[in-house]
**Student:** 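One structure is given below, represented as structure tokens, and several questions about it will come after.
Proteins get letters first, then strands, A, B, ... in listed order; numbering begins at 1 in each.
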There are 2 protein chains.
Amino acid sequence: MLQTAENRARRKNDPQGTRTNILDTAFELFQTRGYNGTSMQEIVAAAGVTAGAVHHHFATKKALGLEVIRQKVAASVEETWLQPLRSADSAPAAISAIIEGLARDMDARGSVRGCPLNNLTLELSFADPDFREELRHIFDDWRATLAKRLLEEAGRGISDAKDLAATVVATYSGAMALAKVEQSGEPLRIGARQLAILLRSR
Amino acid sequence: MLQTAENRARRKNDPQGTRTNILDTAFELFQTRGYNGTSMQEIVAAAGVTAGAVHHHFATKKALGLEVIRQKVAASVEETWLQPLRSADSAPAAISAIIEGLARDMDARGSVRGCPLNNLTLELSFADPDFREELRHIFDDWRATLAKRLLEEAGRGISDAKDLAATVVATYSGAMALAKVEQSGEPLRIGARQLAILLRSR
DNA sequence: ATAAACAAACAGGTTGTCCTGTTTGTCAAT
DNA sequence: ATTGACAAACAGGACAACCTGTTTGTTTAT
């Protein structure tokens, strides 16, 4: 039975705010419990909205997941990697600074939830081609931005720059996996040091 | 209503075989759909056993997952990494051969499901400490075996060997993530080449 | 007036787990 | 050598909780 007008809760009527709230909450829960480990009910409860509101903005859980990747995950990589990279004087110095900054954040926070992009990639990119496509775009942008900055350095060809860019992404991603399983920032610091050596040697 | 004795199926009574069958099937499904993406019913159906049989050998899904990690995932790392490493003349040569062999397998197969250890680590190691503990042991063995072999090389200290071991694991793990999202063995080949350069430079 | 933005309740399928009953091997007593 | 007792190894559902998605109705902005 539906409720009467008397005791029905008032609507917020803040479409942009509600939508952003749902996206932010889903991103946080996916990051802590994973996509398949998070239920719609948990998202509804944590966001403090109703199931109807979620359904109005996102028809299915998959549609919500894809939007989280397109907006939140992409923005996260943009903020932590691409912007610092573009505004830095030296690419190798920026890479070291980014990774060591993350290691410091993790140790201060006391817990490591890992890289959102890698988390969702390993969970979903084989099982679902739609997710894979969205995730792949973000990786490609990341590698392209890195390669572009590494190409500016003296005495480096395009092929070397691309290979080094892929290696930076790989070593960072794997170090983050180690950091997650050890719950420590140390693997990231090791990775940063070894990447610095590799970037100096070429 | 329970079934009568007449038309009831005969028991297999092959405890070891049934148990191994369930473990193998669960490992395969976890590898393709993830832990939370796989239901008990799917495991039951794919293994061709009954729910009762699964419950007899593994009380809960989590208990089954932990056994898959302890036996199947650990054995997979042992087979592809530790044994080749121990029996090789040169550690750097073995590392290159292992990674490039995997890249060849993937291209021949036409699909990349990723590293079972990393897949489960990113999905579960933050959300559940019991899973994390089991996964961490495997990573630690992996790094220790690598460090031991890298230490044998001339002019290398224990600290450098440990750092390089962590970097080999990290770069491989991250390259496998790239391979998964690109569905190609190429990122692994790039990682192998760059690791060879790094191992030569020190 | 119309349509977007929600609130509330609900439908129907799926989930992990458990329970009861039957079959088979084992081992000791006869 | 046969039998009886007992425990392990399943078969076949049963079940409540939970899952995603929808529907219906009310509120607000334009």
**Student:** Measure CG/A/L64 against C1'/D/dT20 and give the value in whole Å, please.
**Tutor:**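 Taking atom C1' of D/dT20 as the reference, CG of A/L64 is at 12 Å.
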
**Student:** Rounded to the nearest Å, what distance is computed from the CE atom of residue B/M40 to the C1' atom of nucleotide D/dG13?
**Tutor:**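 So the two atoms are 17 Å apart, to the nearest Å.
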
**Student:** Which nucleotide wins on minimum distance to the side chain of A/H55, given the candidates D/dT23, C/dC19, C/dA4?
**Tutor:**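 Minimum distance to the A/H55 side chain belongs to D/dT23.
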
**Student:** Rounded to whole angstroms, how far apart are NZ on A/K61 and P on D/dT22?
**Tutor:**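 Spelled out: NZ on A/K61 to P on D/dT22 is 15 Å.
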
**Student:** In Å and rounded to the nearest 0.5 Å, what is the CG to OG1 distance from B/L195 to A/T167?
**Tutor:**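 If I round to the nearest 0.5 Å, the distance is 7.5 Å.
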
**Student:** Rounded to the nearest angstrom, tell me the gap between atom CD in B/Q41 and atom P in D/dG12.
**Tutor:**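 Distance check: B/Q41 CD to D/dG12 P gives 16 Å.
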
**Student:** Looking for any heavy atom pair under 4.0 Å, which part of the strands does A/T50 touch: base, sugar-phosphate only, or nothing?
**Tutor:**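 Since a base atom lies under 4.0 Å of A/T50, the category is base.
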
**Student:** Would you please classify the geometry between the B/W81 ring and the B/W142 ring as parallel, tilted or perpendicular, with 30° and 60° separating the classes?
**Tutor:**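 Taking B/W81 first and then B/W142, their aromatic rings sit tilted (interplane angle of 30° to 60°).
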
**Student:** What's the CZ-C1' distance between B/R19 and D/dA8, to the nearest Å?
**Tutor:**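 Nearest whole value for this atom pair: 14 Å.
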
**Student:** At under 4.0 Å, does any side-chain N or O of B/H57 touch on OP1 or OP2 of D/dA8?
**Tutor:**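 B/H57 to D/dA8 OP1/OP2: no side-chain N or O under 4.0 Å.
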
**Student:** Give a yes or no answer on whether the side chain of B/E186 reaches the backbone of B/A103 with a donor-acceptor pair at less than 3.5 Å.
**Tutor:**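 A pair under 3.5 Å: no.
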
**Student:** Could you tell me the separation between the CD1 atom of A/I22 and the P atom of C/dA5, rounded to a whole number of Å?
**Tutor:**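 In whole Å, C/dA5 P and A/I22 CD1 are 11 Å from each other.
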
**Student:** Name the closest nucleotide to the A/T18 side chain, picking from D/dA9, C/dC6, D/dT20.
**Tutor:**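 Looking only at heavy atoms from C-beta outward on A/T18, the closest nucleotide is C/dC6.
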
**Student:** With a distance cut-off below 6.0 Å to the six-membered ring centre and an angular limit of 45° from the axis, does B/K61 pair with B/Y35 as a cation-pi contact?
**Tutor:**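 Yes, cation above the ring, under 6.0 Å and within 45°.
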
**Student:** I need the NE2-C1' distance between B/H56 and D/dC10, as an integer number of Å.
**Tutor:**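 Taking atom C1' of D/dC10 as the reference, NE2 of B/H56 is at 7 Å.
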
**Student:** Which one, D/dT22, C/dG16, D/dC10, comes nearest to the side chain of B/A53?
**Tutor:**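 It is D/dC10.
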
**Student:** What integer distance in Å separates A/Y35:OH from D/dT20:P?
**Tutor:**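 Interatomic distance, OH of A/Y35 to P of D/dT20: 8 Å.
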
